[in-house]
Protein chains: 2
Amino acid sequence: MYTIGQMADMFQIPISTLRYYDKEGLFPGLERSGGIRRFSEKEAEALRVIECLKKSGLEIREIKTFMEWCAEGSSTYEKRRELFVQQEKAVIEEMRRLEKTLAMIRYKQWYYEQALKDGTEDRVRQMEPEEMPEKIRAFYELAFEDMEPERRRA
Amino acid sequence: MYTIGQMADMFQIPISTLRYYDKEGLFPGLERSGGIRRFSEKEAEALRVIECLKKSGLEIREIKTFMEWCAEGSSTYEKRRELFVQQEKAVIEEMRRLEKTLAMIRYKQWYYEQALKDGTEDRVRQMEPEEMPEKIRAFYELAFEDMEPERRRA
DNA sequence: CCTTGACCTAAAGTCAGGTTTAGGTTCTAT
DNA sequence: ATAGAACCTAAACCTGACTTTAGGTCAAGG
């Protein structure tokens, strides 16, 4: 059993955040003795899951729902599994988005290298993909692949 | 030249957001005729860059700084290049974080598959990494690799 | 006894990034 | 010339996820 202060130290997270999570219902069934919260291994495990689900993009309200399922026991295993299947999709989608962003960033690095070399953006700004080095063209095309023609050309 | 409404249609973004960006200084040198904003290809290009920088995690204030550099001309090419080098690092870092999250999610999917099969979490909850299938152990270890021992075991 | 430290609550405040509202102005087509 | 659409501003409001504040309880140590 841990006090709120011990939990905060262990997880390197402010006490106020733990109280906030509790208020939002993220620790269903958290015990108290004389008004004081008594955290157990169960809440420690909950907190690890909370951190994971937060990183994967879930909101506090949704995490609350998940924690309620956990409290309900074995009848909710399937729901919980499905939630992780859902989150896998969401995280993969986010990673794909970041890969495009990365391609745009790398294209822009090259763009400014050229501008520096030339002393002006004029040449590189007008360059068609066909004229770019192969690697750069690949970045350019990945970055803009699903943009409307009029939105292309950054 | 485009009106604010045409820009909003073109970029599929609310008019109010364009006005907000303008108020925050993201279109330095935006022209007006009789109080009405006149967007040009320059602002369209700015907006594409804004979207990219936002996705890469920059705040509006930082994007404003970048746009001011753009308005200053060729003397800021090096600064702009450096910003994209910085953002590349930030995005790669974020992707690494997401990969760990993904490993935890996949471990949890397997965990609930086992719980469903057994009808209880008891077995899988107590399982040591050594007993897990190799693939799952890899997820488990990636997910928890830099956690303190007492914070491990989700 | 009384101070200190760790805990408690409710409510207000903060921050980012917008969105909505209220009240005007300008452009466009009849 | 006038209606309606599209534009304008300032300021208030919103959401999510916390954090801070103000005021209070309680146990241990000097």
Side-chain angles (χ1 to χ4, degrees), chain A residues 1-40 43-44 46-68 87 90 94 97 101, chain B residues 1-40 43-44 46-68 87 90 94 97 101:
Chain A
M1 286 288 180
Y2 315 107
T3 67
I4 199 169
Q6 289 169 332
M7 286 290 278
D9 283 354
M10 216 150 68
F11 284 87
Q12 296 280 70
I13 166 183
I15 289 180
S16 61
T17 302
L18 289 171
R19 291 208 262 251
Y20 166 69
Y21 285 171
D22 184 26
K23 205 177 52 177
E24 295 301 306
L26 265 47
F27 304 122
L30 173 59
E31 287 181 42
R32 283 170 185 247
S33 71
I36 287 174
R37 295 176 182 82
R38 318 257 0 242
F39 291 82
S40 70
E43 279 77 37
L47 202 41
R48 282 177 219 114
V49 175
I50 288 166
E51 292 187 336
C52 165
L53 293 179
K54 258 167 48 81
K55 280 187 224 158
S56 81
L58 248 63
E59 293 178 9
I60 299 294
R61 254 196 332 280
E62 305 173 288
I63 297 176
K64 177 190 177 173
T65 302
F66 180 81
M67 291 305 163
E68 285 165 355
Q87 283 321 100
E94 173 68 5
R97 216 182 50 81
T101 301
Chain B
M1 287 286 183
Y2 315 108
T3 67
I4 199 169
Q6 289 170 330
M7 285 290 278
D9 283 353
M10 215 149 69
F11 284 87
Q12 297 279 71
I13 170 181
I15 287 180
S16 61
T17 302
L18 288 171
R19 291 209 260 249
Y20 166 69
Y21 286 172
D22 184 25
K23 203 176 53 176
E24 295 302 307
L26 265 48
F27 303 122
L30 172 61
E31 287 180 41
R32 283 169 185 248
S33 71
I36 288 176
R37 294 176 182 83
R38 317 255 6 238
F39 291 82
S40 70
E43 278 77 37
L47 201 42
R48 283 178 218 113
V49 175
I50 288 167
E51 291 186 334
C52 167
L53 293 178
K54 258 167 49 80
K55 282 189 224 155
S56 82
L58 246 64
E59 294 179 9
I60 299 292
R61 254 195 332 281
E62 305 174 287
I63 298 176
K64 176 190 176 173
T65 302
F66 179 82
M67 291 306 164
E68 285 165 355
Q87 282 322 100
E94 174 68 5
R97 218 183 48 83
T101 301

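In what follows, chains carry the letters A, B, and so on, assigned in the order in which the sequence lines appear, proteins first and then strands, with residues in each chain numbered from 1. Treat the numbers as computed from the prediction; the structure is a model and nothing was measured. Excluded from the calculations below are hydrogen atoms, water molecules and symmetry mates; all remaining heavy atoms, backbone and side chain alike, are included.
Taking atom OH on A/Tyr20 and atom C1' on D/dA17, their separation rounds to 4 Å, with Å as the unit. Distance CE (B/Met7) to P (D/dC7): 12 Å, rounded to an integer number of Å. Remark: C1' of D/dC7 and CE of B/Met1 are 17 Å apart, rounded to the nearest angstrom. Here C/dA16 presents its P atom at 13 Å from CG of B/Leu58, a figure rounded to the nearest Å. A/Glu59 has its CD atom 14 Å from the C1' atom of D/dC18, to the nearest Å. Atom CZ in B/Arg19 sits roughly 12 Å away from atom C1' in C/dT21 (whole-Å rounding). A straight line from CD1 of A/Ile36 to P of D/dT25 spans 13 Å, rounded to a whole angstrom. One can place CD of B/Gln6 at 10 Å from P of C/dT28, the figure rounded to the nearest angstrom.
Phosphate contact (OP1/OP2 of C/dG17, side-chain N/O of B/Tyr21, threshold under 4.0 Å): absent. At least one side-chain nitrogen or oxygen of A/Thr3 sits closer than 4.0 Å to the OP1 or OP2 atom of C/dC7. Between C/dA16 and B/Arg61, a contact under 4.0 Å exists linking OP1 or OP2 to a side-chain N or O. In terms of phosphate contacts, B/Arg32 brings no side-chain nitrogen or oxygen within less than 4.0 Å of OP1 or OP2 of C/dT26. In terms of phosphate contacts, B/Thr17 brings no side-chain nitrogen or oxygen within less than 4.0 Å of OP1 or OP2 of C/dG17.
Counting non-hydrogen atoms under 4.0 angstrom, B/Lys54 reaches the backbone sugars and phosphates but no base. Residue contacts for B/Arg38: at a heavy-atom cut-off of 4.0 Å it reaches no nucleic acid atom on any strand shown. Nucleic acid contact for B/Ser16: base, since at least one base atom lies under 4.0 Å from a heavy atom of the residue. Here B/Arg37 lies in heavy-atom contact (under 4.0 Å) with sugar-phosphate atoms only.
More than 12 heavy atoms of other residues, nucleotides or ligands shown are found within 6.0 angstrom of CD on B/Glu24. Annotation for A/Glu31: atom CD does not count as buried by contact number, only 12 or fewer foreign heavy atoms lying within 6.0 Å.
With hydrogens and angles disregarded, no donor-acceptor distance shorter than 3.5 Å links the side chain of A/Glu51 to the backbone of A/Arg48.
Residue order along DNA chain D, read from the 5' end via each residue's closest nucleotide, puts B/Lys23 first among B/Lys23 and A/Pro14.
Scanning both residues, B/Leu30 and B/Arg38, for their nearest heavy atoms gives CD1-O, 3.5 Å.
Under a 4.0 Å N-O distance rule, the pair B/Arg97/B/Glu94 qualifies as a salt bridge.
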